[in-house]
Structure formats: C-alpha cells, structure tokens
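Below is one structure; the comments refer to it alone.
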Protein chains: 2
Amino acid sequence: MSKHDQVDKYPSMTIGDNENNKRAVEKSTIGVQLKAIRTENKWTLEEASKRTGLARSTLSKIENEQISPTFSVMQKLASGLNIELPQLFTKPKETKVTGRRDVTLDGQGRPHATLTYEHELLATQLRNKKMMPYKSRVHARNFEHFGEWVRHEGEEFLLVLEGEVQLLTEFYEPATLVVGDSAYYDATMGHLVISTSKEDALILWITAE
Amino acid sequence: MSKHDQVDKYPSMTIGDNENNKRAVEKSTIGVQLKAIRTENKWTLEEASKRTGLARSTLSKIENEQISPTFSVMQKLASGLNIELPQLFTKPKETKVTGRRDVTLDGQGRPHATLTYEHELLATQLRNKKMMPYKSRVHARNFEHFGEWVRHEGEEFLLVLEGEVQLLTEFYEPATLVVGDSAYYDATMGHLVISTSKEDALILWITAE
DNA sequence: GAAAAAAGTTTCCTATAGGAAACTTTTATT
DNA sequence: AATAAAAGTTTCCTATAGGAAACTTTTTTC
C-alpha cells in the first residue's frame with residue numbers, strides 16, 4: 001500500500017492563517033445593525049419574521065451574534081426589511097458635526113509646477129475634500145507639450161481667469177475659451193488645456209471623484 | 001447509493017417563499033463575482049484558499065453557486081482577497097464610456113435670480129454631475145438681507161472674480177475676500193456671502209455633495 | 001400585583017455550509 | 001499522443017445555520 005504520495009498534502013502546513021490574511025477585520029456588528037434597524041422601525045421579531053420569511057428564532061440568534069447568517073439570509077433581510085445590503089454590516093455613517101472652513105488668499109496656495117502647468121493648490125488645509133480646487137498658469141502652447149492625453153477618475157470643471165485657452169478633449173472638437181468661459185467634462189475622457197494667448201493663461205480647475 | 005435516498009427533502013413545500021418576500025431580488029451573482037475576481041488576479045483555487053483560509057472545495061462550490069456562503073466566510077473572502085465586501089455581490093460598475101463635455105460661455109449660463117444673489121448656472125447641459133458650478137452676482141450688503149444662515153448638504157468652494165466680499169460662516173469670524181481669493185467649507189455649516197465693494201461682487205461657487 | 005399576552009431566548013432537530021480527500025478535467029511536458 | 005502535473009469538481013463527513021416549538025422574560029390588562 002504505497003500511497004505515500006498524496007496522503008499528506010499540507011503536512012504541517014499553515015493552511016493560510018498566519019502568512020497572509022491581515023486579520024484586522026473589525027468585528028461584524030451585523031447583529032447589532034439588524035437589531036438597530038428593527039427597533040428603529042418598532043418591529044417585533046414576529047413582524048420582522050413575517051417580512052423576511054425567516055424564523056423568529058433565527059432573527060434572534062443573528063441579533064445576538066450566535067450565528068453567522070448565510071448570504072441568502074442576508075438577502076432576505078435586505079429585501080424584507082427594505083434596506084440596502086451594505087447597511088447590514090456598515091455602521092451608520094456618523095453624521096459628523098461638520099464645520100470646516102479654509103480660506104486661501106490669492107497666490108497663497110501651495111505651488112506645484114510641471115512642464116506644462118504651474119499649479120497653485122487651494123484649500124490645502126482641509127483633508128478628505130470632495131473637490132480639489134487649484135489655479136493653474138498654462139504654459140503649454142500645443143498638444144506636443146503633453147504627448148499624451150491627461151486622463152483620470154472623476155469629473156472636472158474649469159473656468160478661465162486670464163488669457164485665452166483651448167480645451168482639447170478626446171471626443172470633441174477643440175473649444176476656445178476666454179475669460180469668464182467655463183467647461184465641465186468627464187475626466188476619464190482624454191483632455192488638456194493649452195494657452196492660445198500671448199501670455200500664459202490662468203485658469204481655475206476643480207476636480208471631484 | 002445513499003445520496004439518492006434523501007434527495008427530496010421539502011416534498012413539495014415552499015418553505016416561506018410565497019406569502020411575503022418581494023422576490024425582485026436579482027440573483028446573487030456572488031459566485032460569478034468571486035470567480036471573476038479570482039481569475040482576474042490569476043489565482044488558482046489553491047492560492048485563493050491559502051489567502052482566505054477557506055477550503056478549495058468551499059471556494060469551488062461558492063463559485064458554482066452550489067452553496068450560499070455565511071457572512072463570516074464572506075468576510076474571510078474580502079479580507080483574504082483584499083477587496084471590499086460589496087464587491088462580492090455588486091456587479092462591477094460598468095465602466096461607462098464617459099465622454100461628456102459641456103462648455104458654457106461667459107454670460108450664457110442659465111439665469112436664476114433671488115433677492116440676494118443673481119445666479120448664473122453653469123454646465124446645465126449635463127445631468128447627474130458631481131459638482132454644481134455657478135457664477136453669482138452678490139447683491140446682499142449685510143446679514144439682514146438673508147435673515148437666516150444658508151445651510152445645505154455637501155461642501156462648497158468659492159472664488160472671487162470681481163469686487164470684494166465677506167464670507168460669513170457660523171463658526172468662524174467673517175473673512176474678507178478680494179479677487180483671486182477663495183474659500184472651501186462645509187455647507188452644512190451656516191454660511192453666506194455679502195458684497196463689501198461699491199458695486200455688486202461677482203463670485204464663482206461650486207458645490208458637491 | 002396576579003394573570004394573561006406579547007416579545008424574546010433557548011432547545012432540539014433537520015437542512016445545509018464548510019473541510020479533507022478522492023475523483024475528474026485541463027494544461028504542460030516529453 | 002502518452003504521461004505527468006496542476007487545476008478544478010464531487011463526495012463524504014462534520015460543524016453549524018435555520019426552523020418549530022418549548023421555555024423565559026417583559027409588558028400589558030384587569
């Protein structure tokens with residue numbers, strides 16, 4: 001009986017618990033969430049049971065973290081209780097008391113120069129902003145200055161503050177913009193701005209993802 | 001031979017499938033998702049197994065929709081494969097071919113007047129934007145013109161284009177801004193802008209939620 | 001404040017999830 | 001093409017989830 005070969009896969013192997021697996025996963029809270037949702041709606045387990053088609057006992061056990069529900073049960077919960085699935089394991093977004101403000105005086109932003117632009121980043125005091133505003137002096141005079149389309153996630157808005165520029169975009173004809181003109185476009189589409197005035201143009205950009 | 005004996009549990013029962021349960025739930029696709037993620041990363045079941053600490057067979061069964069994984073298993077999947085939980089049941093956001101663009105020439109936006117401001121809405125051709133840009137002529141000269149703080153969801157950025165204004169915010173001292181100055185703040189905080197120059201001031205606003 | 005009703009928990013059992021190993025299919029390798 | 005190796009599936013068993021009903025706790029009602 002020489003079955004020496006496949007007898008022991010994983011002789012003393014670490015079936016994957018140590019080497020990798022960043023076990024920093026915060027504890028599930030799915031039970032807590034469920035209970036919160038149910039009580040907020042003033043539902044009894046019985047009512048929740050009727051709504052979801054799950055047994056009263058099952059719901060109780062889930063709420064008390066005695067069992068880990070299967071995905072199909074989670075779907076019944078979401079559907080029956082009229083909530084989105086992620087609500088079951090995402091703790092309610094703490095309606096943070098927001099009162100942030102950051103004033104940037106003209107020319108006082110954080111400089112950031114490239115070959116083609118000279119950016120002045122605005123509102124750099126605030127982290128985790130929804131928008132990234134900056135003013136840029138446009139050095140580029142033609143497409144070749146770039147060589148490639150600029151392309152990134154999100155959407156972009158720009159307003160011309162000084163001079164005249166051309167907004168080149170992948171799927172459109174170039175647009176000539178003068179002071180006061182603005183444009184809004186998907187930044188995933190190739191795009192770039194070149195100056196068509198004698199002096200460098202000045203524009204305001206804002207991106208949001 | 002034993003497998004066939006107990007084949008039909010649930011003789012013809014529908015354990016709770018009829019009465020309630022709005023079954024408009026799209027079929028799970030969790031298996032499909034998992035397989036997609038795994039193959040995209042060129043992982044074998046064996047590798048995925050090592051990463052997640054789950055058995056090869058379990059992964060196979062999940063991928064083939066033979067079982068509905070428990071939440072704890074889903075957590076191991078997310079953690080081990082370095083993905084966010086919702087990725088497991090949210091079909092990959094169709095990287096929509098975005099190529100929208102809207103140019104608004106100076107003064108050509110959609111007008112919208114109030115007692116205190118004269119707004120010019122920009123980029124009105126695009127729906128579902130992440131940002132709402134507009135230019136506003138500021139009539140207001142003092143707080144009383146408003147009577148109340150302006151307050152709404154999201155964040156706001158403003159840049160002074162002409163004149164001089166004061167930015168009044170609930171939790172800060174008033175800030176005096178001249179042409180080129182800008183400010184970024186949480187719009188949930190009471191805020192408003194008044195002109196402090198002889199003429200009406202002109203500012204650019206952008207809000208994002 | 002005792003009895004009844006309702007809400008919630010635990011028990012006990014069955015159905016199903018998850019793991020180890022056998023088996024099958026696919027992919028290299030010669 | 002035959003063989004070996006790797007990847008994937010299925011089987012079989014154990015652990016656990018989920019349901020029905022008994023039980024306990026809380027709330028209501030008289």
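All chains are named by letter (A, B, ...) in the order of the sequence lines, taking the proteins before the strands, and each is independently numbered beginning at 1. All figures in this text were calculated on a predicted structure; none of them were measured in a lab.
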query: Quick one: do Arg137(A) and Asp200(A) make a salt bridge, cutoff under 4.0 Å?
result: no
message: Output the rounded distance in Å from CG (Leu45(B)) to P (dG8(D)).
response: 5 Å
Presence of donor-acceptor pair under 3.5 Å, side chain of Ser57(B) and base of dA20(C): yes
- request: Classify the angle between the aromatic ring planes of His112(B) and His119(B) as parallel (below 30°), tilted (30 to 60°) or perpendicular (above 60°).
  value: parallel
task: Any chance you could lay out the side chain to side chain donor-acceptor pair (under 3.5 Å) test for Glu164(A) and Thr196(A), step after step, and finish with the verdict?
output: CA-CA 5 Å; Glu164(A) 178 183 302; Thr196(A) 48; 3.1 Å; yes
query: Just how far, in rounded Å, is P of dA7(D) from NZ of Lys35(B)?
result: 14 Å
message: Which nucleotide wins on minimum distance to the side chain of Thr44(B), given the candidates dG8(D), dG19(D), dG18(C)?
response: dG8(D)
statement: Hits for side-chain hydrogen bond (donor to acceptor under 3.5 Å, both in side chains) against Thr70(B), two or more places apart or cross-chain, chain-then-number order -> Ser72(B)
task: Spell out yes or no: do the side chain of Lys61(B) and the base of dG19(C) have one donor N/O and one acceptor N/O closer than 3.5 Å?
output: yes
- request: Give the rounded distance in Å between these two atoms: CE of Met74(B) and P of dT16(D).
  value: 19 Å
task: Determine whether the aromatic ring centres of His191(B) and Tyr185(B) lie less than 6.0 Å apart.
output: yes
query: Touch check for Thr58(A), heavy atoms < 4.0 angstrom, all strands: base, sugar-phosphate only, or nothing?
result: base
- prompt: What does Thr70(A) touch in the nucleic acid at a heavy-atom separation under 4.0 angstrom: a base, only the sugar-phosphate, or nothing?
  reply: sugar-phosphate
message: Check this for me, if you would: do Arg151(A) and Glu170(A) make a salt bridge, where the nitrogen-to-carboxylate-oxygen distance has to be below 4.0 angstrom?
response: yes
- prompt: For the pair made of CD1 in Ile62(B) and P in dG19(C), what is the distance, rounded to whole Å?
  reply: 8 Å
query: Looking at dG8(C), does its base get a donor-acceptor pair with the side chain of Arg56(A) below 3.5 Å?
result: yes
task: Please lay out, stage by stage, how Ser49(B) and Arg56(B) fare under the test side chain to side chain donor-acceptor pair (under 3.5 Å).
output: CA-CA 5 Å; Ser49(B) 166; Arg56(B) 210 158 78 250; over 6 Å; no
- request: Compute the bend angle of the helix from dG1(C)-dC30(D) to dT30(C)-dA1(D) from the end axes (five pairs per end), rounded to 10°.
  value: 30°
task: In whole angstrom, give the distance that lies between atom CD of Glu63(A) and atom P of dT10(C).
output: 12 Å
- prompt: Side-chain N or O of Ser60(B) less than 4.0 angstrom from OP1 or OP2 on dG8(D)?
  reply: no
- prompt: Is any side-chain nitrogen or oxygen of Arg38(A) closer than 4.0 Å to OP1 or OP2 of dA7(C)?
  reply: no
query: Can you check the Gln66(B) CD to dG8(D) P distance for me, whole Å?
result: 15 Å
field: Interatomic distance where CD belongs to Glu65(A) and C1' belongs to dT10(C) [whole Å]
entry: 17 Å
Atom pair distance, as rounded to whole Å: CD1 in Ile67(A) and C1' in dG19(D): 10 Å
